[in-house]
Amino acid sequence: MINEGNIFVFDNNEGVADYVVTQWVEISAQAIAEKGSFSAALSGGKTPVESYKRLAASENILSWDRTHLFLADERFVPPSHRESNYGLIKEHLLSHVKIPDENVHRIQTEEITLEQSARRYEEDIRRFFCIEGGSVPQFDLIMLGIGEDGHTASLFPGKSSLKERTRLAIPVTTEKFPGERITLTLLVINNARKIIFLVSGRDKAKVLKEIVEDKKSSLPVSRVHLKQGIVYFMIDKPAVSLLSGRKMGQ
Ligand code: 6PG
């Protein structure tokens, strides 16, 4: 169930993207002031592209040398493939900003098995956060999307991946193309300091209504409950069209 105070509705996805930049500036500055670096995990899909473009255009106000970018999930295809999340983020964001290569923590998908890829990504996360054993990393920000079926990252409804309680990153197979993926687990997602869900388009209206209004929803998105942090939903008007009594604007 969404805490309605954290839902922000905008006229369109451009409005969402502008507000993402505002939030990013604030969250990253706070993290850098506190501990010298900012860690974010990003998603693929259509919705965040506008936000990535606007972040790229804000290069001068952001400290990219102190920023470490990870992926919330990745499709198991080469980086040059049109379905690659890393490829998408590179095209719209990374190739436009001065972020050091070592600050970009992509998920390897070439010359490796799906299982090895998930293990290697988990090792990379552990190394960056200097954690061992049962410790869970705390990302400053995780940006997520929502699928029409209520999936988020690559955590799909009814799958055993939702029950993972030990691993940080796992391989998944799903009916949605591309069928092989790597995803952060709920263990990691629910330990973030801030989550921003980006939701755009009329095709998301039905699932959004269930997530907001059905207290018993067991969809993957509805399982995102931060232990200490805040979950924001940044939504455009078409996606919110089936909800009643929504306040508009910020
Ligand atoms: C992916 C994602 C996925 C995405 C949603 C929403 O790689 O497919 O990370 O969870 O965020 O499917 O995608 P859209 O923004 O395209 O609607």
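Atoms within each ligand, like the ligands themselves, are counted from 1 in listed order.
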#### Entry: Which of the ligand 1 atoms, numbered from 1, are nearer than 4.0 Å to a heavy atom of G44
9 (O), 11 (O)
#### Entry: Residue selection (non-hydrogen contact nearest atom 3 (C) of ligand 1) among A153, S43, G145
A153
### Task
Name all residues meeting the side chain to side chain contact (heavy atoms under 4.5 Å, CB included) criterion together with K206; count only those two or more places apart in sequence or in a different chain, and write none if there are none.
L242
### Task
Output the list of atoms in ligand 1 that are nearer than 4.0 Å to some heavy atom of R75, sorted by atom number.
1 (C), 7 (O), 8 (O)
### For D73, the ligand 1 atoms whose distance to one of its heavy atoms is below 4.0 Å
1 (C), 2 (C), 7 (O), 9 (O)
### Query
Heavy-atom contacts under 4.0 Å between N85 and ligand 1: side chain, backbone, both, or neither?
side chain
### Query
Counting each atom of ligand 1 from 1 as listed, which ones have a heavy atom of K204 under 4.0 Å away?
14 (P), 17 (O)
### Task
Number the atoms of ligand 1 from 1 as they appear, then name those within less than 4.0 Å of a heavy atom of H151, with their elements.
3 (C), 5 (C), 10 (O), 12 (O)
### Query
Is there a donor-acceptor contact under 3.5 Å linking the side chains of T183 and D73?
no
#### Entry: Contacting atoms of ligand 1, where contact means under 4.0 angstrom from a heavy atom of R181
1 (C), 7 (O), 8 (O)
### Query
Is the closest heavy atom of A72 to ligand 1 under 4.0 Å?
no
Only pairs under 3.5 Å count here: list side-chain donor-acceptor contacts from residues 89-102, not counting sequence neighbours, and write none if there are none.
unit_1: S95; atom_1: OG; unit_2: K90; atom_2: O; d: 2.8
unit_1: S95; atom_1: OG; unit_2: E91; atom_2: O; d: 3.4
unit_1: H96; atom_1: NE2; unit_2: E91; atom_2: O; d: 2.8

### Task
Give a yes-or-no answer on whether the side chains of E34 and Q30 include a donor-acceptor pair shorter than 3.5 Å.
yes
### Task
Identify, by atom number and element, the atoms of ligand 1 in contact range of I146, meaning under 4.0 Å from any of its heavy atoms.
6 (C)
### Summary
Per ring pair (Phe, Tyr, Trp, His ring centres under 6.0 Å), H105 is matched among F129, F139, F128, Y121 by F128
